[in-house]
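Counting begins at 1 with the first residue of the sequence.
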Amino acid sequence: MSGTKALRNIAIIAHVDHGKTTLVDQLFRQSGTFRDNQRVEERAMDSNDLEKERGITILAKCTSVEWPGDAGPTRINIVDTPGHADFGGEVERILSMVDGVILLVDAAEGPMPQTKFVTGKALALGLKPIVVVNKIDRPDARASEVLDEVFDLFVALDADDEQLDFPTLYASGRAGYAGLTEDVREGDLSVLFDTIVSHVPPPHEVEENAPFTFLATLLDRDNFLGRILTGRVQTGILKLNQPIHALDANGKVVETGRATKIMAFRGLERVPVEEAHAGDIISLAGLTVATVANTIADTSVSTPIAAQPIDPPTLSMRFAVNDSPMAGREGDKVTSRMIRDRLTREAESNVAIRVTESDDKDSFEVAGRGELQLGVLIETMRREGFELGISRPRVLYREEDGQRTEPYESVVIDVDDEYSGTVIDKMALRKAEMTDMRQSGGGKTRITFSAPSRGLIGYHGEFLSDTRGTGIMNRVFEKYGPYKGPIEGRQNGVLISMVTGEAVGYALNALEDRGILFVKPQDKVYEGMIIGENAKPDDLEVNPMKSKQLTNFRSTGKDDAIRLTPATIMSLEQAIAYIDDDEMVEVTPKSIRLRKAILDPHERKKAKRREAA
């Protein structure tokens with residue numbers, strides 16, 4: 001490879017489920033990264049268990065393919081980015097590593113909120129976009145309308161003339177073909193490779209003769225190598241075992257060390273190399289303290305590289321030590337010290353998360369981008385053996401010019417026409433303002449709202465019920481705006497166990513008339529645990545262990561067999577969204593339980609009286 005001319009660095013950005021990771025699979029196959037007979041999992045870039053289960057990309061990842069091309073071989077470094085707004089912090093950082101972006105848009109859905117969020121960041125950095133209208137083979141595809149919507153979006157985001165003159169390709173990532181016209185239905189992706197090589201500039205402003213500098217944008221750990229920093233070499237050449245140091249944003253030296261391992265990306269693998277040149281995307285080991293946004297450089301360099309500022313967190317939850325009667329039975333990481341160490345590690349590698357310790361030292365305030373991002377962190381921790389008590393999410397307010405402000409989100413909802421009235425009514429109750437409403441074809445309506453984040457907590461489950469599971473809701477952070485006043489929370493009270501032991505079918509059968517049950521016979525319950533939803537607004541204490549009184553009289557008829565309605569089992573995100581301010585979710589490796597924050601009923605009443613006073 002002759003220097004940086006035969007190198008291209010590009011990111012693929014799109015809304016969730018528009019087909020980024022599937023397209024990368026096909027780029028791998030057609031560039032010869034995989035052998036013809038090699039068994040490769042679908043969505044090979046989604047390597048972590050949660051990504052495979054949920055079918056979404058959570059972590060930004062780097063990879064590389066080599067394209068032979070007419071003008072000689074070119075190495076294309078590709079960064080696959082998350083499509084969900086909650087993981088936008090990952091996207092914002094990696095954009096500093098690339099010189100161009102492929103914007104992937106679904107041929108039927110068109111640009112969605114997350115598309116706008118990431119595209120705005122990319123255009124502001126001056127990156128040149130290539131627009132790929134994906135899923136062109138969908139029966140409801142409307143490629144030309146979608147292209148007009150993309151152009152309008154670019155204009156609204158203040159794209160310059162060069163950015164507005166973007167090349168457009170039509171593709172099916174799953175089928176593995178792309179073309180210059182929307183009637184393409186066969187072929188391969190060679191036109192996409194050629195467009196990347198011709199349209200994306202080689203790494204610019206790189207000076208091989210200058211001292212080595214490198215901005216750390218991703219951080220992970222290896223059991224053998226320790227801390228691994230990934231980023232792009234900005235200037236100079238890095239050689240193995242070269243002395244280096246890390247600088248923070250103010251130019252202060254964080255630590256000094258050596259480059260003990262340099263790794264370049266080759267397909268899905270990280271391959272050790274002897275040296276890295278300006279423009280290369282590499283992973284680097286040898287430092288123990290340096291973190292994301294630090295400049296790693298030759299020891300002669302004292303000026304740090306300016307790092308891209310990251311949007312602040314908008315939502316926080318309290319992570320507490322699990323103090324329920326069931327504590328310590330399923331997990332092996334239960335102390336506040338273990339929880340603190342784990343959260344500190346997470347905050348180091350994930351710049352969108354902020355952790356602060358509470359005064360009592362037994363709980364931590366964890367602030368992040370949204371319910372899904374924090375939910376993924378909690379799910380990861382429970383799989384590692386942690387037990388936690390999680391509070392209801394709350395938004396982070398700000399004071400601006402003496403006024404209280406709160407985060408707003410742009411919400412785009414696609415629903416069948418018959419449900420649009422219900423959705424508008426429910427969103428109005430949550431202080432949302434409708435900004436747009438239009439027919440989207442196929443008997444569906446697309447409604448856009450500007451809504452306080454506070455009002456959307458816990459709404460998704462209700463929204464799916466209201467639309468019979470057919471509605472699609474997409475949200476993205478919009479701005480901080482005026483405080484909207486109180487918003488009504490959950491309408492129903494809960495059924496609270498007044499005893500500790502195992503639930504009995506006979507008792508649960510009697511409680512079914514009271515509301516919806518969250519537990520089934522033989523489930524372990526304890527005093528203060530929430531076992532169901534009350535049909536009325538008040539909380540109700542009940543006994544789920546009450547057995548039938550046995551006597552020596554025979555009944556004239558046989559007892560009716562007990563037939564219980566199946567219990568409602570909530571996922572982690574549903575449980576977090578469901579709870580009220582005085583409640584918690586108990587998370588253990590095998591169980592998710594709802595409970596009152598104060599388990600003792602007398603203490604609860606005292607606390608309520610104190611609040612009322």
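- Looking at residues two or more places apart in sequence or on another chain, you find no side-chain hydrogen bond (donor to acceptor under 3.5 Å, both in side chains) involving Lys536.
- A salt bridge links Asp414 to Arg446: one of the charged nitrogens lies within less than 4.0 Å of a carboxylate oxygen.
- With sequence neighbours excluded, no residue satisfies ring-ring contact (aromatic ring centres under 6.0 Å, His included) with Phe151.
- For the side-chain hydrogen bond (donor to acceptor under 3.5 Å, both in side chains) test, no residue two or more places apart in sequence or in another chain qualifies with Asn134.
- Taking a cutoff of 4.0 Å between a charged side-chain nitrogen and a carboxylate oxygen, Arg595 and Asp323 qualify as a salt bridge.
- Aromatic rings of Phe386 and Phe319 (six-membered ring for Trp) have centroids beyond the 6.0 Å cut-off, not under it.
- Between Glu433 and Lys484 there is a salt bridge, since at least one side-chain N of the basic residue sits less than 4.0 Å from a carboxylate O of the acidic one.
- Judged as a salt bridge (Lys or Arg N to Asp or Glu O under 4.0 Å), and not counting sequence neighbours, Arg610 has no contacts.
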Side chain to side chain contact (heavy atoms under 4.5 Å, CB included) between Arg232 and Asn77, intermediate numbers included: CA-CA 10 Å; Arg232 184 169 87 164; Asn77 287 322; over 6 Å; no
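- Put simply, the side chain of Lys333 never gets that close to the backbone of Arg342: no donor and acceptor are under 3.5 Å apart.
- Salt bridge Lys128/Asp99: absent, no basic N to carboxylate O contact under 4.0 Å.
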Stepwise side chain to side chain contact (heavy atoms under 4.5 Å, CB included) test for Val423 and Phe463: CA-CA 7 Å; Val423 169; Phe463 166 75; 4.0 Å; yes
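- In this structure Asp417 satisfies the side chain to side chain contact (heavy atoms under 4.5 Å, CB included) test together with Gln439, Thr445, sequence neighbours excluded.
- Contact of the Ser316 side chain with the Val366 side chain is not registered, since no non-hydrogen atoms from C-beta on lie closer than 4.5 Å.
- Around the NZ atom of Lys479, the shell of radius 6.0 Å holds more than 12 heavy atoms that belong to other residues, nucleotides or ligands.
- Here the CG-NE2 distance, from Asp165 to His199, works out to 7.5 Å after rounding to the nearest 0.5 Å.
- Taking the six-membered ring for Trp and the full ring otherwise, Tyr483 and Tyr397 have centroids separated by under 6.0 Å.
- Looking at Glu611 and Lys606, no side-chain N of the basic residue comes within less than 4.0 Å of a carboxylate O on the acidic one, giving no salt bridge.
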Test ring-ring contact (aromatic ring centres under 6.0 Å, His included) applied to Phe166 and Phe154, step by step: CA-CA 10 Å; Phe166 54 81; Phe154 278 30; 5.1 Å; yes
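- Here the straight-line distance linking atom OG of Ser450 with atom CE of Met427 works out to 9.0 Å at 0.5 Å rounding.
- The pair Arg404-Glu399 does not count as a salt bridge, with every side-chain nitrogen at least 4.0 angstrom from each carboxylate oxygen.
- With sequence neighbours left out, Thr356 forms a side chain to side chain contact (heavy atoms under 4.5 Å, CB included) with Glu365.
- Within the 4.5 Å cutoff, no side-chain heavy atoms of Pro537 are placed close to those of Gln491.
- For Glu462 and Arg430, the salt-bridge test passes: some basic side-chain N is under 4.0 Å from an acidic carboxylate O.
- Distance check, rounded to the nearest 0.5 Å: CG of Leu396 to OG1 of Thr314 gives 7.0 Å.
- Taking a cutoff of 4.0 Å between a charged side-chain nitrogen and a carboxylate oxygen, Arg604 and Asp600 do not qualify as a salt bridge.
- Put simply, NZ on Lys444 and CD1 on Ile413 are 12.0 Å apart, with the number rounded to the nearest 0.5 Å.
- Met584 CE to Leu599 CG: the interatomic distance, rounded to the nearest 0.5 Å, is 9.0 Å.
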